[in-house]
Amino acid sequence: MAKLVRGFKDIIGAQAEILTELESSARKIFKLYGARELRIPTVELKELFVKSTGDSTDIVQKEMYAFEDGGGRTLALRPEGTPGAVRAYIENNFTQAAPVQQFFYIGNMFRAERPQAGRYREFEQIGAELLGNAAPAADAAAILMLADIMKEFGVRNYGVKINSLGCNDCRPAYRRDLINYLSSGKETLCEKCKDRLERNPLRVLDCKIDGPRFAAAAPAQKLCPACAEHFEEVQKLLRGKIDFEIDNSLVRGLDYYTRTVFEFRVGDAAQNAIAGGGRYDGLVKSMGGPDIPAVGWAMGAERAAAARAAAEPKKDFIVYVASMDKTCNEIAFNIMQALRGAGIAAQGGLFDKNIKAQMKQADKCGAAYAVIIGGDEFANNPAALKNLQPGEQKRIMQAALVETLKKI
Ligand code: AMP
């Protein structure tokens, strides 16, 4: 039998619809903030991710789907959106012509991670990149834009953590402090963190195993005056608008972050981050563009959808149309179309089955009401309108059906 590849998934019916709804909520908010859509390729040169996402990250080290194409180039399925977005920004000459840009993207990402609940090998990200604005207002707007999407979509049970990672002036001293601190417990670090210790010590604090053991007593980040002022201003702009918490152990998994980083989480489960991002002031330059600041984030669409579905499962209003016998089929069909024409979701038309089988199907598709055409009084033109939840039934004239259901 044909089989799905492990770590991938089919998204069907309600699960797909909730993602579409999330995308619509996001598009609405992006418009309010002036962010414009960017559609970029799924495939880029592998090198792009090695240089931007960073060769010390798990994503690049072992999670990339990389392959050689016929032309001998090494390509990769995108594991995240930012490198492609920045490449497009530079390559399309925005850096010269119009450096201040706000972009959003919606697309699937690929990471060969160990599959588990909430962690897939292909997943959807909705992301935003605010380029060309170094002011704390951009950091705050990026975070509030994300919060507004959550609100519009209906996810409320999340927490926001923020931190500042400093800049090239103050981060090296912090790195050194951290390496000294972690070295004292080096023997007890997990294999991955032993390896990370020198290359990317901040990532140890992000590790599921060692993070909780070492984060609490870790040396505090000593921000330079400019970074401290920036971080204070970001907080000032956020205060009173959203609840947030400062978490000095929040480092994020990618190499390119500077200054503000943030994460939106739901509950305490392992895969609980629904979105994350931060400032990446050095990235445009490191990719061959001018020195242009930027801040951005990416949301895991499946995780955001799961958070909403858990909070408030939603039921669609569907009317099921059944016909009692052959002579009523055409009228029943016309009523079904009339309902659809009036903006009411209607299903049915299984007229070659008996009424019992049709009502069974009404149940299966989760219909709230059934319209049954035919039976004794058919000649006088009534239809049976059956509320499928408590199960009561009444007879009304066919002509009044659409209006009655519209009111319901
Ligand atoms: P990142 O690009 O790693 O910062 O991830 C941003 C968001 O994407 C995370 O907060 C998750 O919600 C989501 N995400 C990352 N990796 C996966 C994955 N393997 N499966 C599902 N969602 C993911």
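All figures in this text were calculated on a predicted structure; none of them were measured in a lab. Each ligand, and each atom within it, is numbered from 1 in the order the structure gives.
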Quiz item: Does a donor on one side chain sit under 3.5 Å from an acceptor on the other, for T82 and E129?
Solution: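 There is such a pair (donor and acceptor under 3.5 Å, judged by atom type) between the side chains of T82 and E129.
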Practice problem: Answer with yes or no whether the side chains of T53 and E80 bring together a donor and an acceptor at under 3.5 Å. | Solution: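 Short answer, yes.
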So for ligand 1, is [X] a polar contact partner (N or O within less than 3.5 Å, distance only)?
X: E80; value: no
X: I274; value: yes
X: Y120; value: yes
X: R119; value: no
X: R111; value: yes

Closest protein heavy atom (residue, atom, distance) for [atom]:
atom: atom 8 (O) of ligand 1; result: Q125 NE2, 3.1 Å
atom: atom 13 (C) of ligand 1; result: G300 CA, 3.5 Å
atom: atom 14 (N) of ligand 1; result: F123 CE1, 3.5 Å
atom: atom 4 (O) of ligand 1; result: R252 NH2, 2.4 Å

Quiz item: Taking non-hydrogen atoms only, is A304 closer than 4.0 angstrom to ligand 1 via side chain, backbone, both or neither?
Solution: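 Under 4.0 Å from ligand 1, A304 contributes no heavy atoms.
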Quiz item: How does M109 reach ligand 1, if at all, at less than 4.0 Å between non-hydrogen atoms: by side chain, backbone, both, or neither?
Solution: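 Looking at M109 and ligand 1, no heavy atom falls under 4.0 Å.
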Quiz item: Does G118 reach ligand 1, in the sense of a heavy atom lying below 4.0 Å from it?
Solution: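 G118: in contact with ligand 1 (<4.0 Å).
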Practice problem: Using non-hydrogen atoms of the residue, decide whether E113 is closer than 4.0 angstrom to ligand 1. | Solution: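 Judged by the 4.0 Å heavy-atom criterion, E113 does count as contacting ligand 1.
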Angle class for the [X]/[Y] ring planes (parallel below 30°, perpendicular above 60°, tilted otherwise)?
X: F264; Y: Y158; result: parallel
X: Y369; Y: F317; result: tilted
X: F103; Y: Y89; result: perpendicular

Quiz item: Quick one: does NZ or CZ of R308 land under 6.0 Å from the six-membered ring centre of F153, within 45 degrees of the ring axis?
Solution: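 Pair R308/F153 counts as cation-pi.
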Can you list the ligand 1 atoms lying under 4.0 Å from a non-hydrogen atom of [X]?
X: A298; value: 6 (C), 7 (C)
X: A275; value: 10 (O)
X: A273; value: 9 (C), 10 (O), 11 (C), 12 (O)

Practice problem: Run the ring-centre check on Y257 versus Y280 and record whether the distance is less than 6.0 Å. | Solution: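 Aromatic pair excluded; centres sit 6.0 Å or further apart.
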Practice problem: Using salt bridge (Lys or Arg N to Asp or Glu O under 4.0 Å) as the criterion, point out the one residue from K236, R259, R279 that pairs with D139. | Solution: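 Going through the options one by one, the only one that passes is R279.
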Quiz item: Between the main-chain N or O of V160 and the side-chain N or O of R265, is there a donor-acceptor pair closer than 3.5 Å?
Solution: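 It does not hold such a pair.
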Quiz item: Short question: side chain of R303, backbone of A273 - any donor-acceptor pair under 3.5 Å?
Solution: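 The answer is yes, because a donor-acceptor pair under 3.5 Å joins these two groups.
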